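The chain is numbered in sequence order, starting from 1. Nothing here was measured: the structure is a model prediction, and the numbers come from that model.
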Amino acid sequence: QGQLVESGGGSVQAGGSLRLTCVASGGTFSEYTMAWFRRAPGKEREFVGAVSGTTGRANYADSVQGRFTISRDNAKNTVYLQLNDLKPADTAVYYCAGRSVFASDYDNWGQGTQVTVSS
């Protein structure tokens, strides 16, 4: 039932940065785990990172560890993904997703925002 809307994607040269934003509605945002996934051309969807609504702990895929940072502002029902030191391999559509404490998998998805990194 929740709605997620991503923004902030764009084109950047290798080594550059972007900040993605996801605005959520339709649930108790502070109780949801929020995550970012991405899908590169011709590849399967890949987990990027998540931040828990119950513990506040963040977790990242090895491929982005140390370069990407996920954060949330519960007062604004918003989650962010800071992308630093971008590489061409980071080129993908990035999706925001939410999971409630009652769900075993992510059940709310945004429409995605394109990130393109040129060498």
Item to check | side chain to side chain contact (heavy atoms under 4.5 Å, CB included) partner of F68, the single match among D85, D90, N84, L20 | outcome: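 The option that passes is D90.
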If you measure from [atom1] on [X] to [atom2] on [Y], what distance do you get to the nearest 0.5 Å?
| X | Y | atom1 | atom2 | result |
| --- | --- | --- | --- | --- |
| S25 | N108 | OG | CG | 9.0 Å |
| E44 | R39 | CD | CZ | 6.0 Å |
| Q114 | E6 | CD | CD | 12.0 Å |
| R38 | T113 | CZ | OG1 | 14.0 Å |
| L4 | Y106 | CG | OH | 11.5 Å |
| C22 | R72 | SG | CZ | 10.0 Å |

Please give me the minimum heavy-atom distance between [X] and [Y], naming the atom from each residue.
| X | Y | value |
| --- | --- | --- |
| T91 | V117 | OG1-N, 2.9 Å |
| S104 | R99 | C-CD, 3.9 Å |
| V79 | F29 | N-CZ, 4.2 Å |
| A14 | S119 | CB-CA, 4.2 Å |
| W36 | L81 | NE1-CB, 3.5 Å |
| A58 | I70 | CB-CG2, 3.8 Å |

Next on the checklist: Using a 6.0 Å cut-off, check whether atom CD of Q13 has over 12 heavy atoms from anything other than its own residue.
Outcome noted: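 For Q13, atom CD is not crowded (no more than 12 foreign heavy atoms under 6.0 Å).
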Checklist entry - Taking the six-membered ring for Trp, are F37 and F47 parallel (under 30°), tilted (30 to 60°) or perpendicular (over 60°)? => result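 Rings of F37 and F47: perpendicular, as their planes differ by over 60°.
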Item to check | Lys/Arg cation over aromatic Y60: R67, 6.0 Å, 45° cone | outcome: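 No, R67 does not sit over the ring of Y60.
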Item to check | cation_pi(R19, Y80) dist<6.0 Å, angle<=45 | outcome: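 Here R19 passes the 6.0 Å and 45° test against Y80.
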Next on the checklist: Starting from V12, can I reach Y94 by hopping between I/L/V/M/F/W/Y residues whose side chains sit under 4.5 Å apart?
Outcome noted: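 Yes, Y94 and V12 fall within the same hydrophobic cluster.
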Next on the checklist: Quick check on the hydrophobic clustering: are L83 and Y95 connected, directly or via other members, by side-chain heavy-atom contacts under 4.5 Å?
Outcome noted: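 In one cluster with L83: Y95, no.
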Checklist entry - Do M34 and C96 touch side chain to side chain, with heavy atoms closer than 4.5 Å? => result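 Counting from C-beta outward, M34 and C96 do come under 4.5 Å.
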Checklist entry - Ignoring hydrogens and geometry, is there a side-chain-to-backbone donor-acceptor pair from S52 to T55 under 3.5 Å? => result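 A pair under 3.5 Å: yes.
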